[in-house]
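Count residues from 1 along the sequence.
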Amino acid sequence: MSSAKLIPDFSILLKQAGRLLLQVVASLFLASLAWVLMYRWVAPPATWLMLDRRAHAPVGLGYYGIQPEPRHINYQFRTLDEVAPAVPLALVAAEDQRFLIHHGFDFDALTKAAKRNWNRAEGKPVVGGSTISQQVAKNVFLWQGRSYVRKAAEAYFTVLIEFLWNKRRIMEMYLSVAEMGDCTFGVEAASLRYFGKHASEVSPAEAALLAGVLPNPLRFRASNPGPVARAKQQRVLRNMRRLGGTTYVKILLNK
């Protein structure tokens, strides 16, 4: 067979491969779009982290409250109308005080986190600059871990939820699926476990305590907080007052 005949055959294969790739990309985009749209009205039955926690106990020095076998996930989805007003306020005060004004990414926080990480002493933990929207994208749609692929997927889903959901729905997802202890997800399960009451009944101080332990809920204890957790709680309470208290919550409820 002559080389002149091989050239057009190869170009045809390239075109077919290109069309197949476009079809795969389009299918993935439409599937992710449908997935995000569905969760605008439907509560997630589970997340990847919930499934992983059920299968494997977390291993780490200083972890508290690790559940024995058989491991069961405690998770109950709650809307903003089903939790105390202090709960979303505390979460914003602790995690993302520009939540209502950014569009998924807080570049000022990312820049500050990058500078602190660049100058941090050896052995100190890495500081994050993720918004609540980014954490929802990670918690609801993605696996755990640190990689460029996962960060790219996180950014992609952050854009989608900011475009397809409102701030109210993003907050409902966050307060319902965030890990708040081993096998404990969301403020309803955490409130019942640590305080023996529903999330609709927690006080501002209790809400601040739950929000304060979120950076590492396996190390900080909401039920028996140490001095570090107490210091975080007081900082969150100060931020709650600075944000405007119930006035901020009313704005969030209408978003």
Side-chain angles (χ1 to χ4, degrees), residues 1-59 71 73 75 77 79 95-96 98-99 101-111 113-114 117 126-179 183 185-186 255:
M1 186 178 293
S2 66
S3 59
K5 190 172 181 179
L6 284 173
I7 293 175
D9 289 344
F10 184 67
S11 64
I12 291 173
L13 288 175
L14 281 177
K15 289 180 181 178
Q16 291 175 340
R19 284 196 296 267
L20 179 61
L21 180 61
L22 285 175
Q23 290 172 354
V24 170
V25 171
S27 298
L28 290 174
F29 171 71
L30 291 175
S32 63
L33 204 64
W35 193 10
V36 174
L37 271 174
M38 178 179 66
Y39 281 173
R40 180 171 180 173
W41 296 282
V42 178
T47 65
W48 298 115
L49 181 57
M50 291 179 192
L51 298 176
D52 181 65
R53 286 289 188 256
R54 181 172 181 176
H56 309 287
V59 178
R71 295 169 58 79
I73 298 299
Y75 157 62
F77 193 92
T79 66
E95 297 289 298
D96 184 4
R98 293 166 57 86
F99 175 64
I101 60 177
H102 66 62
H103 298 288
F105 305 93
D106 188 344
F107 295 103
D108 288 340
L110 289 172
T111 300
N117 290 330
V126 175
V127 177
S130 295
T131 63
I132 285 177
S133 300
Q134 288 175 274
Q135 293 180 58
V136 167
K138 176 188 68 176
N139 292 340
V140 176
F141 300 102
L142 301 173
W143 64 96
Q144 298 297 302
R146 295 181 180 274
S147 69
Y148 290 116
V149 172
R150 197 198 63 78
K151 291 300 290 184
E154 177 186 302
Y156 169 73
F157 276 104
T158 300
V159 171
L160 280 188
I161 65 175
E162 281 282 341
F163 183 71
L164 297 174
W165 299 353
N166 53 26
K167 292 291 187 179
R168 180 188 178 107
R169 186 58 174 176
I170 294 172
M171 176 55 68
E172 288 176 345
M173 282 289 181
Y174 185 58
L175 65 84
S176 291
V177 306
E179 185 178 30
C183 294
F185 291 85
K255 281 289 184 175

Kindly list each side-chain donor-acceptor pair under 3.5 angstrom involving residues 52-59, sequence neighbours excluded, with atom names and distances?
residue	atom	partner	partner atom	Å
R53	NE	E179	OE2	2.6
R53	NH2	E179	OE1	3.4
R53	NH2	E179	OE2	3.4

Heavy-atom donor-acceptor pair, T131 side chain to G104 backbone, under 3.5 Å = yes

The side-chain hydrogen bond (donor to acceptor under 3.5 Å, both in side chains) partners of R40 (sequence neighbours excluded) come to none

Qualifying residues under side chain to side chain contact (heavy atoms under 4.5 Å, CB included), relative to W48, sequence neighbours excluded | W35, L51

So do the side chains of L33 and L164 get within less than 4.5 Å of each other, counting heavy atoms only?
-> yes

With V136, which of Y39, F157, W165 fulfils side-chain contact (heavy atoms from CB on, under 4.5 Å)?
-> W165

Please round to the nearest 0.5 Å and tell me the distance separating atom CZ of F185 and atom OG1 of T47.
-> 5.5 Å

What residues form a ring pair (Phe, Tyr, Trp, His ring centres under 6.0 Å) with Y75, not counting sequence neighbours?
-> none

Straight-line distance of Y174 OH to I161 CD1, nearest 0.5 Å | 12.0 Å

Between V36 and F141, is any pair of side-chain heavy atoms under 4.5 Å apart?
-> yes

Are E154 and Q135 close enough that some pair of their side-chain heavy atoms sits under 4.5 Å apart?
-> no

For E162, salt bridge (Lys or Arg N to Asp or Glu O under 4.0 Å) partners two or more places apart | K167

Take atom OH of Y156 as the centre, draw a 6.0 Å sphere, and report whether it contains more than 12 heavy atoms from other residues, nucleotides or ligands.
-> yes

Please examine the side chains of M50 and P44, heavy atoms only from C-beta on, and report whether any two atoms are closer than 4.5 Å.
-> no

Closest non-hydrogen atom pair between S176 and F77, with its separation = CB-CD1, 3.5 Å

Supply the atom-to-atom distance L49 CG to Q144 CD, rounded to the nearest 0.5 angstrom.
-> 4.5 Å

Could you tell me whether the side chain of S32 and the main chain of F29 form a donor-acceptor pair under 3.5 Å?
-> yes

At their closest point, which heavy atom of T158 faces which heavy atom of A137, and how far apart are they?
-> OG1-CB, 3.5 Å

To the nearest 0.5 Å, atom OG1 of T79 lies from atom CE of M171 at 13.0 Å

Hey, does S133 have a side-chain heavy atom less than 4.5 Å from the side chain of F99?
-> yes

Residues that R98 engages under salt bridge (Lys or Arg N to Asp or Glu O under 4.0 Å), provided they are two or more places apart = D106

Polar side-chain atom of D96 near backbone of I132 as donor-acceptor pair, under 3.5 Å = yes

